[in-house]
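First comes the structure, then the notes that go with it.
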Protein chains: 2
Amino acid sequence: MKYDEAKHRFIQQWGALGTAWGISRTMAQIQAVLLLSPESMTADDLMEELGISRGNVSMSLKSLIDWGVATKEYKAGERKEYFRAEKDIYRVATQVAHERRKRELEPVLHMLESIKEMDDKEVSKSKREEMKKVGANILDLAKKSDSLLKKFISAEKNWFLNKLMKL
Amino acid sequence: MKYDEAKHRFIQQWGALGTAWGISRTMAQIQAVLLLSPESMTADDLMEELGISRGNVSMSLKSLIDWGVATKEYKAGERKEYFRAEKDIYRVATQVAHERRKRELEPVLHMLESIKEMDDKEVSKSKREEMKKVGANILDLAKKSDSLLKKFISAEKNWFLNKLMKL
DNA sequence: TTGAATTTTCAATAATTATTGAAAATTAAA
DNA sequence: TTTAATTTTCAATAATTATTGAAAATTCAA
């Protein structure tokens with residue numbers, strides 16, 4: 001297979017994966033391009049590569065940086081900004097997991113904590129119990145997932161340290 | 001807090017969580033209503049509860065069943081169909097994880113396998129290497145996540161067995 | 001300070017996705 | 001069989017989300 005075809009496929013699939021998971025296609029595609037690029041790239045490079053507007057590139061890069069999966073760099077004697085993607089895919093995964101927890105899961109967990117106070121005699125016991133049970137189970141799952149993720153991360157850290165030791 | 005307010009909050013937040021993760025608001029809200037309901041419910045119940053159309057309820061329920069997180073039931077001497085949500089939230093999570101892997105991740109993994117064949121002398125070594133590296137890392141992460149999920153599931157199975165033993 | 005290069009913002013627009021609602025299909029009781 | 005109850009489908013429409021592009025803001029060299 002030609003490099004260009006492989007690259008095209010990677011960018012398309014990565015973009016599709018993004019949309020399925022609630023991330024804009026462009027944002028995921030920009031990440032894909034940066035992941036494949038050995039060098040950091042400018043906004044103009046990305047506009048050209050993906051055929052998208054300057055505004056879109058600017059906003060998508062901002063988001064990638066907010067998610068903690070891309071960084072901005074400056075080159076000596078150059079006015080333009082250069083961008084680079086986080087290439088350690090484990091760090092990308094844990095970073096995204098953390099961000100999503102914070103942005104999307106935490107509001108749900110807060111809501112569940114708050115409805116623990118629910119105590120309404122006007123409604124049947126079984127309805128109240130069902131709600132308490134569902135809430136408790138989700139909170140419990142969240143807690144267990146957290147500790148699992150922590151283990152995963154520390155396992156990865158060790159793996160990285162091992163690699164270092166072997167050098 | 002009143003039961004109705006708690007219920008309303010749960011349904012809204014669960015719906016919002018759904019959209020953030022690429023699941024339609026209604027589908028998530030129907031699941032929320034079913035999770036809170038001690039009894040199974042009909043399409044009419046759900047239409048009334050959420051104020052949505054019959055068609056939407058029908059399609060959303062079909063999706064929930066496809067995802068393996070809801071089931072249809074028949075009551076003796078009744079024409080209508082009743083629906084029930086999977087309430088073991090661990091099973092919901094692992095079910096959704098499996099489905100998403102199959103539907104959304106697998107196409108990416110196949111693509112990554114196929115671009116392993118990439119071998120294009122027209123393009124710089126560093127570009128080719130970057131692509132191979134990114135591909136290998138993602139495949140590796142997917143493999144590790146799988147084994148982690150497997151461990152999680154078996155841990156849950158044991159937890160369930162333990163509960164059983166204690167009875 | 002200028003002012004040209006560069007980036008960001010955001011209202012307008014396009015593209016996508018979700019929802020409706022009524023017609024068609026299915027089901028099962030009479 | 002009929003026929004009425006119920007569910008499904010899907011074209012039309014609404015709602016949401018993504019993208020554009022040009023004006024405004026920022027940055028930095030002169």
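Per chain, numbering begins at 1; letters A, B, ... match sequence-line order.
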Sub-4.0 Å heavy-atom contacts from residues 38-49 of chain A onto DNA chain C, ordered by number: none

Listed partners of A:Glu122 passing side chain to side chain contact (heavy atoms under 4.5 Å, CB included), at least two apart: A:Asp120, B:Lys2

Residue pairs, two or more places apart or on separate chains, that pass salt bridge (Lys or Arg N to Asp or Glu O under 4.0 Å) and touch residues 10-20 of chain A: none

Under 4.0 angstrom between B:Lys72 side-chain N/O and D:dT8 OP1 or OP2: yes

A:Thr71: side chain to side chain contact (heavy atoms under 4.5 Å, CB included) partners, not counting sequence neighbours: A:Arg84

For DNA chain C, the residues among residues 73-83 of chain A that have a non-hydrogen atom under 4.0 Å from it: A:Arg79, A:Lys80, A:Glu81

Value in whole Å for how far the P atom of D:dT6 lies from CG of B:Leu61: 16 Å

With B:Trp67 via ring pair (Phe, Tyr, Trp, His ring centres under 6.0 Å) - residues at least two apart: none

Qualifying residues under side chain to side chain contact (heavy atoms under 4.5 Å, CB included), relative to B:Thr19, sequence neighbours excluded: B:Arg25

Short side-chain donor-acceptor distance under 3.5 Å, A:Asp45 and A:Tyr82: no

Which side-chain N or O atoms in residues 55-62 of chain A pair as donor and acceptor under 3.5 Å with protein atoms at least two apart or in another chain?
residue, atom, partner, partner atom, Å
A:Asn56, OD1, A:Ser60, OG, 3.2
A:Asn56, ND2, A:Thr26, OG1, 3.3
A:Ser60, OG, A:Asn56, O, 2.9

Sequence neighbours excluded - ring pair (Phe, Tyr, Trp, His ring centres under 6.0 Å) pairs with any residue from residues 117-151 of chain A: none

Annotated protein contacts, base or backbone, on nucleotides 18-23 of chain D with a non-hydrogen cut-off under 4.0 Å, one of B, S, - each: SSBB--

Side chain to side chain donor-acceptor pair (under 3.5 Å) partners for B:Lys72, two or more places apart: B:Glu81

Pairs meeting criterion ring pair (Phe, Tyr, Trp, His ring centres under 6.0 Å) with involvement of residues 2-50 of chain B, two or more places apart: A:Trp21-B:Trp21, B:Phe10-B:Trp14

